[in-house]
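Worksheet: one structure, shown below.
Every heavy atom of this structure was used, including side-chain atoms; hydrogens, water molecules and symmetry mates were not. It should be emphasised that the depicted structure is a prediction, and the values quoted were computed from it without experimental measurement. So that the names make sense, note that chain A is the first sequence line, chain B the second, and so on, each numbered from 1.
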Amino acid sequence: MGGGQLSSAPLPRSFFERPSHEVAPDLLGRVLVHGPVAVRLTEVEAYGGPGEDPAAHTYRGKTPRNAVMFGPPGHLYVYFTYGMHFCANLVCLPEGFGSAVLLRAGEVVAGLEEARARRSSARRVPDRDLARGPARLTMALSLAREHNGLDAVREGLAAGQPHQAAAVLEGLPAGPELIRSGPRTGISTAKETPWRFWIDGDPTVSPYRAHVPRRRNAAATSVGEVPSS
DNA sequence: TCGCAGATTACCT
DNA sequence: GGTAATCTGCGAG
């Protein structure tokens, strides 16, 4: 791949010993490697600790589910949601704070065929959609429940690929001046906190979708209509 | 482009 | 026992 090389030094643990909203923009443009697949991060979201961020899983304190978020920095917090999807976070701040960065979207820069094969859908998926969205990203990287708590720093999973190298690979300028921030996606509280960060103009950034309340069972809640069955 | 169904988990009452 | 959840794929218009 020309000048772009995917082998660079992994990020040091100290990289993650900062507030998540400082780590998040720094992760953009860096490449996450897991097995044969590498993903360049283009969109992330920061989540705070207990009592400070109502949108974070840690807001109500430590539970068996979110225990990893309270663990040492640089570890992977992988959780299962909506009955079928996994989402991956990187833990920030020293042990005990409960802060993390959600990996929302990225661009597959290596192992395209492998990533495509992992998709359950038989439909043709455009390259840019392979890791466009938090659950798709974890699928492309083949991350699941068994990776919850994995030390991403020790495993070299969080490779410190600088913006410039990724830019060479894809011919895109991805400098700090292109990093944008705004309200987070898909959450029902603290929407105004601008802790979502993305690379401006990158086609793999997921479109903003405001949180839509899940529709109640219409037949059960509708008192004005009589079910015809 | 928009709206909904799907299926599992964990937390709260 | 009830309900919301850091979402995605698909069908209709």
Of the options A/L32, A/L28, A/V109, A/V108, which is the one that meets A/R40 in a side chain to side chain contact (heavy atoms under 4.5 Å, CB included)?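 Single side chain to side chain contact (heavy atoms under 4.5 Å, CB included) partner of A/R40 among A/L32, A/L28, A/V109, A/V108: A/V109.
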Euclidean distance, atom [atom1] of residue [X] to atom [atom2] of [N] [Å, nearest integer]:
X	N	atom1	atom2	value
A/R104	C/dC7	CZ	P	6 Å
A/D129	C/dT8	CG	C1'	11 Å
A/E43	C/dC7	CD	P	11 Å
A/M84	B/dA10	CE	C1'	16 Å
A/M139	C/dG9	CE	C1'	10 Å
A/F80	B/dG6	CZ	C1'	11 Å
A/Y82	B/dA10	OH	C1'	14 Å
A/N89	C/dA5	CG	C1'	14 Å

Using a strict cut-off of less than 4.0 Å between a Lys/Arg side-chain nitrogen and an Asp/Glu carboxylate oxygen, indicate whether A/E43 and A/R196 qualify as a salt bridge.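 A salt bridge links A/E43 with A/R196.
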Pair A/R184 + A/D53, salt bridge at N-O below 4.0 Å: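 A/D53 and A/R184: salt-bridged.
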Determine whether A/F97 and A/M69 fall in the same hydrophobic cluster, where Ile, Leu, Val, Met, Phe, Trp and Tyr are linked whenever their side-chain heavy atoms lie under 4.5 Å apart.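 No, A/F97 and A/M69 fall in different hydrophobic clusters.
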Starting from A/V101, can I reach A/F86 by hopping between I/L/V/M/F/W/Y residues whose side chains sit under 4.5 Å apart?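 As far as the 4.5 Å side-chain criterion goes, A/V101 and A/F86 are connected within one cluster.
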Of A/H85 and A/R145, whose nearest nucleotide on DNA chain B comes first from the 5' end?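 It is A/H85, whose closest nucleotide lies nearer the 5' terminus.
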Is the shortest side-chain N/O distance from [X] to OP1 or OP2 of [N] below 4.0 Å?
X	N	answer
A/R65	C/dA5	no
A/T63	B/dC11	yes
A/R132	C/dT8	no

Given C/dG9, B/dC12, C/dC7, the nucleotide with the shortest approach to the side chain of A/R60: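 Of C/dG9, B/dC12, C/dC7, B/dC12 is nearest to the side chain of A/R60.
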Of the candidate nucleotides B/dG6, B/dC11, C/dC7, which contains the atom at the shortest distance from the side chain of A/T81?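 The nucleotide sitting nearest to the side chain is C/dC7.
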Both distances under 3.5 Å, Watson-Crick or G-U wobble: report the partner of B/dA7, or none.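 Result: none.
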